[in-house]
J.: 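I am attaching a structure below and will ask some questions about it afterwards.
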There are 2 protein chains.
Amino acid sequence: MANMQDVARLAQVSVSTVSYVLTGARPISAATREKVRAAMAELGYQPHAMARGLASRRSRILGLLLPIDERGLGATETAFVTGAATAASAAGYHLVLSPVDAGDLDGLRQLASQRMLDGVLLMEVQLDDPRVGVLRSAGVPVVLIGRTADTTGLSYVDIDFDRTVHDAVGYLADLGHRRIVYVNHSATAIAEGYGPALRSRDAFATATAGRRIEPVMIPAEDSPGGGRAALASAFDRAPDLTAVLAMNESAVFGILGGLAAHGRTVPDDVSVVSMVTSPQVAELATPALTTMTSPGTAVGRIAVEQLLRHLGAGSTDSAGSTGSTDSAEIHQQLLPCTLEVRGSTGPPPTLTPAPTGRRSAHP
Amino acid sequence: MANMQDVARLAQVSVSTVSYVLTGARPISAATREKVRAAMAELGYQPHAMARGLASRRSRILGLLLPIDERGLGATETAFVTGAATAASAAGYHLVLSPVDAGDLDGLRQLASQRMLDGVLLMEVQLDDPRVGVLRSAGVPVVLIGRTADTTGLSYVDIDFDRTVHDAVGYLADLGHRRIVYVNHSATAIAEGYGPALRSRDAFATATAGRRIEPVMIPAEDSPGGGRAALASAFDRAPDLTAVLAMNESAVFGILGGLAAHGRTVPDDVSVVSMVTSPQVAELATPALTTMTSPGTAVGRIAVEQLLRHLGAGSTDSAGSTGSTDSAEIHQQLLPCTLEVRGSTGPPPTLTPAPTGRRSAHP
DNA sequence: ATGAAAGCGCTAACAG
DNA sequence: CTGTTAGCGCTTTCAT
């Protein structure tokens, strides 16, 4: 396979010239540039990625770190991944998928010290995530997908849970619902500081308080079974519920099944909104689910773009300060989920049989 | 960051000794080995991946090539990916996710020529897939996830559609079903030579012929809507159908919805079996779907393991023969989906109201 | 605007 | 069993 020497020889220039036409790091006369281009084409030359990486100290490889549990990835997470992969590829970067157990800090440190990754995207971020510290002190630029509790000096792209929950509650309340049950992720996830669970919970408390609605919140395992169980206790605590707001894509199908088992029709008796959900999943249900549609691939794409911007500047700390990467370049962005009304929502039952004008029937 | 020189100096040995301790490519006395180990630990030494790769001509990076369409990955494909990532990681390899459009052969050639990938896994393989040739002539070891029509000299790991369909038809037939409708992928997918669609179709034809069942086959777009449409024509062509065999994970939910809309109960009126489906998806339906459960992560894992075995031997052709990689090492494996009976299947309605012993009630 | 040459950090002959 | 050394293919000063 042809290398740079071969190209230089054929084009009758020096290797450095070839290198410079490739990188564009310094002006080359149009004439020589063409000679070189021709030579490259004739030889089918492709720069050797590792050699280039070694010399330039830039691998052009990004890491996507995610703990891969047995349950595998959900549709939303998968969208993050494909979005990131596509964006990286479009920018001429490679994206390596690194399954690192959340607890395996040494493995992470090792990975970071191999100098194979120009930067990393961190998924499944916990509120207090030790991986962030490890990565920073290893001098690897990081962009979080999700975010920690303290985001000082950190770049992240995350879903705007506040606004998502707020909008969902607003939508339901405007429809006339007053008894809204919020089904969260599992108690374990909450205890472990899983950001989305905590943030959406608080947002629900706030949103309901603002509308003088009593907040009923129930945790659920991330599975249809968990959803059924959650629904059972929902009926215990709020027998008169008219709407369910699910923060749990996996549990929501169990909720639907449970509702049917309880003899409740969706949306006539009970409305259901599924948050942070992909259209593909929404369409699986009958009736199709009204959702707060997750930004999907945009999250991964933007995260990559931001990471790339960080790389554009300086990546390694000049003096090994275990502090910030480079405070100037920090980018923090929240993307909202957007309401998509499908078939699982409607006005609450008490209002349904009361058409306009009926209210003043008996003056 | 410490390099090999630093370690050598501290351990009072030569760099090559350090290198050999690391690679184990030649025997080192226990004493020196320990000295070196200690030095490495003290300095927190980590070998530089690119330098190692450049010198050894092995990147320890594997590529996972998959066309990422807008629809994103299904649960089954995602399982392949995570299985591959986990296996690669376990073997000390990195896995890069490369979204290469099926048609972009030049991009592929380029990717292959960068010498960044020691080998690749090819997903979404078409019956006649030009990418295979490109990869082979670039001298990159390949293992297919899926397979082409002609698999001579190729290693692959794929689902055993023949057996899967055979088992599913057998299960349904043993239950007493005679009117079984098979819902395939889209007509487009079939026309494009999408292997799973073609192979399962043929398998269905064979399996039904063996049991003297008339094969009713219907294509469906990969979406719930496609499933509903397919069901409508199913009722046209076989109004008396008692079972649906779905080869289309996305359409099956539409089928379920359509069945309900037609006033049919599952499984009392109609049984539904979803093929090549993950348990997570199966549980989303109510009742939970009886499935031929896809081997999931095992496919990705085995594919990586085989690719790694290929790398163990010789990877690059000694004389640029555009033929086989190394015929001795070829590995072709078919993994069956296993039947998991859940709530969507039962005997056909005509048999249901006839409990055991009723037959001889009036002798 | 171009060239020459010194590495990047490691592996793998080649010598002992 | 260990050391010396020549690259791997490219980038990037330093010269001109």
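Lettering of chains follows the sequences in order, A, B, ..., and the numbering in each one begins at 1. Predicted model, so just to flag it, every value in this text is computed and none were measured.
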J.: Which nucleotide in the set dC8(D), dT2(D), dT12(D) lies at the smallest distance from any side-chain heavy atom of Ser29(B)?
T.: dT2(D)
J.: What is the distance from CZ of Arg58(A) to C1' of dT11(D), rounded to the nearest Å?
T.: 12 Å
J.: Does OP1 or OP2 of dG3(D) have a side-chain N or O of Ser14(B) closer than 4.0 Å?
T.: yes
J.: Identify the heavy atoms of Ile330(B) and Leu154(B) that sit nearest to each other, and give their distance.
T.: CG2-O, 3.6 Å
J.: Rounded to whole angstrom units, what separation is found between the CD atom of Gln5(A) and the C1' atom of dG7(D)?
T.: 12 Å
J.: Let me confirm one number: the CG-CD1 distance from Leu122(B) to Ile145(B), rounded to the nearest 0.5 Å.
T.: 8.5 Å
J.: So how far is it from Arg37(A) CZ to Glu42(A) CD, rounded to the nearest 0.5 Å?
T.: 16.0 Å
J.: What's the CZ-P distance between Arg57(B) and dC10(D), to the nearest Å?
T.: 12 Å
J.: Is it true that a side-chain atom of Arg33(A) and a backbone atom of Ala31(A) form a donor plus acceptor pair closer than 3.5 Å?
T.: no
J.: How is Val13(B) classified with respect to the nucleic acid when contacts are heavy atoms under 4.0 Å: base, sugar-phosphate, or nothing?
T.: sugar-phosphate
J.: What does Ile28(B) touch in the nucleic acid at a heavy-atom separation under 4.0 angstrom: a base, only the sugar-phosphate, or nothing?
T.: sugar-phosphate
J.: Tell me whether Ser19(B) contacts the main-chain N or O of Val15(B) through its side chain, where contact means a donor paired with an acceptor under 3.5 Å.
T.: no
J.: Looking at side-chain heavy atoms only, is the closest gap between Met123(A) and Leu64(A) below 4.5 Å?
T.: yes
J.: Using only atom types and a distance under 3.5 Å, with no angle test, would you say the side chain of Ser59(A) pairs donor to acceptor with the backbone of Ile61(A)?
T.: yes
J.: When rounded to the nearest 0.5 angstrom, what distance separates OG in Ser137(A) from CZ in Arg109(A)?
T.: 6.5 Å
J.: Using a 4.0 Å cut-off on heavy atoms, which residues in residues 35-51 of chain B reach DNA chain D? List them by number, or say none.
T.: none
J.: How is Thr17(B) classified with respect to the nucleic acid when contacts are heavy atoms under 4.0 Å: base, sugar-phosphate, or nothing?
T.: sugar-phosphate
J.: Determine: side-chain N/O of Thr32(B) to OP1/OP2 of dT2(D), distance under 4.0 Å, yes or no.
T.: yes
J.: I need the CE-C1' distance between Met4(A) and dG7(D), as an integer number of Å.
T.: 17 Å
J.: Need to verify one output field. Residue with the more 5' nearest nucleotide on DNA chain C, Ser16(B) or Leu54(B)?
T.: Leu54(B)
J.: In whole Å, I'd like the distance from the CD atom of Gln12(B) to the C1' atom of dG3(D).
T.: 14 Å
J.: dG9(D) P sits how many Å from Arg115(B) CZ, rounded?
T.: 7 Å
J.: Please give me the minimum heavy-atom distance between Ala112(A) and Ala138(A), naming the atom from each residue.
T.: CB-CB, 3.7 Å
J.: Can you tell me how far P of dT2(D) sits from CD of Glu34(B), to the nearest Å?
T.: 12 Å
J.: Are there over 12 heavy-atom neighbours, none belonging to Glu34(B), within less than 6.0 Å of that residue's CD?
T.: yes
J.: In a check of side-chain contact (heavy atoms from CB on, under 4.5 Å) between Leu108(B) and each of Val120(B), Val140(B), Val134(B), which one passes?
T.: Val134(B)
J.: Atom CZ of Arg26(B) and atom P of dC1(D): how far apart are they, to the nearest Å?
T.: 10 Å
J.: What is the 5' to 3' range of DNA chain C, first to last nucleotide, that sits under 4.0 Å from any heavy atom of chain B?
T.: dG9(C) to dC14(C)
J.: So if I take the C1' atoms of five pairs at each end of the helix from dA1(C)-dT16(D) to dG16(C)-dC1(D) and get each local axis, what angle do the two axes make, rounded to 10 degrees?
T.: 30°
J.: Can you find a pair of side-chain heavy atoms, one from Arg58(A) and one from Tyr93(A), that are under 4.5 Å apart?
T.: yes
